[in-house]
Structures are given as C-alpha cells and as structure tokens.
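Here the structure comes first, spelled out in structure tokens, and everything after it is commentary.
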Amino acid sequence: MIFMKMVQVGFSYPGQKKPLLNDINFSIHKEGITALTGPNGVGKTTLSKLMVGILAPSTGHITLKGQNMSSMALAQIGRLVGYVFQNPEKQLFCPTVSEEIGFGLQNLELPEHEVQRLVKENLAYFELEHLAQNFPLQLSEGEKRRLAIAAVLVLEPELLVLDEPTTGLDAYRKHLLGECLLKLVASKRGVFMISHDSNFIDRYASRILILENGRLKENGC
Ligand SMILES: Nc1ncnc2c1ncn2[C@@H]1O[C@H](COP(=O)(O)OP(=O)(O)OP(=O)(O)O)[C@@H](O)[C@H]1O
C-alpha cells in the first residue's frame, strides 16, 4: 500500500516569482531508506516540510494513507510521520534530557512505568544516560542531534523524516544511527532522509532521489 503520495506538487514561498518546487510526483511505500539529495538551496528542506504538513503545497496535493493531507490536523499527521529538523534546537524545549524523550510519550497517555522504561532504553541506546538531568540546549551539537532523534524515534512513527541527520555525528554515532534506521526498516517502518553525506547514503539508502531545478529525479536517471 502506498503510504504517502505527492501528485503534481508545486511550491513557492510568498513573493517568489519562480516556483521553488515544480510538478513533484513520488510515492513512498514505507520500505527501506529513501535518501533525498541535491544542491544547497534547491528546496529539500521545503519538500520535507510539505511531507509533514508544516507547509502546504501551492499546487497539486499530498495523500497520507490515502487521505488528502490538507484535510488532516497536524497532530494526526504527526502520529504517522515523525520529523527531525536540520537544526535540532528547533525541537528541544524541555528542562532535562529525560523529559525531552518522555514528552511525546506522556502525551500518548502511556502508563508512567512504561514511559520510564522507554526513556531509559533510549537514553542507553543513544548514550545519553550520563546527561539525563542536563538542560538539552547546553548539550554539544552531536548530543543535541542524538537527543532530537531519540525524542522522535521513541514515538515509533510509521515514517521517519530526517533532515541532514548525520551532521555533527562522529563515525561511531553515524554507525549507531544507521543501524537504528535499519532496525526501523526491519520493523516495517519507512525512513526518508535528506543528506549530503554520500558515504552514509551509499551505505544505508535503498533508494536515492535527487532534487534539481525544482524537479525530482530518481537515482539520477
Ligand atoms: N520561510 C521562507 N521564506 C522564504 N524563502 C525561504 C523560506 N525558507 C526557505 N526559503 C528559501 O527557499 C530556498 C530553498 O530552501 P531549503 O531550505 O528548502 O533548501 P535546501 O535544499 O534544504 O538547502 P540546504 O541544502 O542548504 O539545506 C532557499 O533559497 C531559501 O532561502
């Protein structure tokens, strides 16, 4: 079943004479890891924001599980599609690292012991245990990114959208992230990542999309 579909999607920011995105058509089946790459400023982040409903298409439409996204509330989209921003600071707002990971779980009204179990598990997996009581905005860049990813992953979205997830990560943490994404895929969840990191893309992506001059190409064809 098609999970997400973009049909003739175009997008311009207010005041732009030429559309940034033009006639974008593609489907995501939640299988494997899809990478989106392309030159700086071409509209990759904009495309990812359309995928999670932060922006709406100027023309065309996007469906999510067969439903037009324009008729869905952001919270409804957010339960299906998780988004990790290019700049992790945009999504960190809790007083401690532990609370940041637990925040979304609290909103799901899970029992407290289950919330604490999942928080502990993710603190350990992302090697943030020693920082559990620290203020998120005072972490290093790589630690902030690991925390932002942990806080979204813990909610087990069906599709995870990540914007430049390897920025600021050392080789070992990139490896951990890649293995974590493969685990998600093995549990029938989809991953869509924007990246310029060609080594990471070659190692983990099963599908490569390239955005150039407002249009999308698959595998450079
Ligand atoms: N809110 C906004 N209002 C107006 N223009 C914007 C806005 N956000 C982004 N842009 C412009 O849209 C273009 C595409 O930006 P976007 O961040 O989507 O590109 P990108 O491909 O992700 O770039 P990079 O690889 O550098 O991260 C840029 O020229 C940017 O300046």
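Indexing begins at 1, ligand by ligand and atom by atom, following the structure's order.
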Considering distance alone, does some N or O of L20 sit under 3.5 Å from an N or O of ligand 1? no
Find all atoms of ligand 1 within a distance of less than 4.0 Å from any non-hydrogen atom belonging to Q86, and give their numbers and elements. 27 (O)
Ignoring angles and geometry beyond distance, decide whether T45 reaches within less than 3.5 Å of ligand 1 through its nitrogen or oxygen atoms. yes
Which residue, V42, L20, L36, I194, forms the side-chain contact (heavy atoms from CB on, under 4.5 Å) with L47? L36
Per-atom contacts of ligand 1 with H196, taking only distances under 4.0 Å to non-hydrogen atoms: 25 (O)
Does ligand 1 come near enough to G38 that some N or O of the ligand is less than 3.5 Å from an N or O of the residue? no
Here the atoms of ligand 1 under 4.0 Å from any heavy atom belonging to K44 are 18 (O), 19 (O), 20 (P), 21 (O), 22 (O), 23 (O), 24 (P), 25 (O)
Atom 23 (O) of ligand 1: closest protein heavy atom, distance to 0.1 Å, is G41 N, 2.8 Å
For atom 9 (C) of ligand 1, is some protein heavy-atom partner under 4.0 Å away? yes
Does the side chain of N25 come within less than 4.5 Å of M6's, by heavy atoms? no
Using a 3.5 Å distance criterion without hydrogens, assess whether the side chain of R189 forms a donor-acceptor pair with backbone atoms of K30. no
Tell me, which protein residue and heavy-atom name are nearest atom 19 (O) of ligand 1, and how many Å apart are they? G43 N, 3.3 Å
Evaluate the 4.0 Å heavy atom contact test for atom 31 (O) of ligand 1: does a protein atom fall under the cut-off? no
Does CG belonging to N68 count more than 12 external heavy atoms closer than 6.0 Å? yes
Locate the shortest heavy-atom distance separating L80 from F3; write the atom from each residue and the value. O-CZ, 3.9 Å
For a quick test of reading the model, state the closest non-hydrogen atom pair linking A205 to M193 and the distance between them. CB-CE, 4.5 Å
Just go through T37, L36, T46, V42 and tell me whose heavy atom is the nearest to atom 15 (O) of ligand 1. T46
Mind checking whether F26 and L216 have side chains closer than 4.5 Å, heavy atoms only? yes
What protein heavy atom sits nearest atom 26 (O) of ligand 1, and how far off is it? N40 ND2, 3.0 Å
What is the closest protein heavy atom to atom 1 (N) of ligand 1, and at what distance does it sit? Y13 CE2, 3.5 Å
Does any N or O in the side chain of T59 come within less than 3.5 Å of the main-chain N or O of V9, such that one atom is a donor and the other an acceptor? no
Just wondering, are more than 12 heavy atoms of other shown residues or ligands nearer than 6.0 Å to NZ in K174? yes
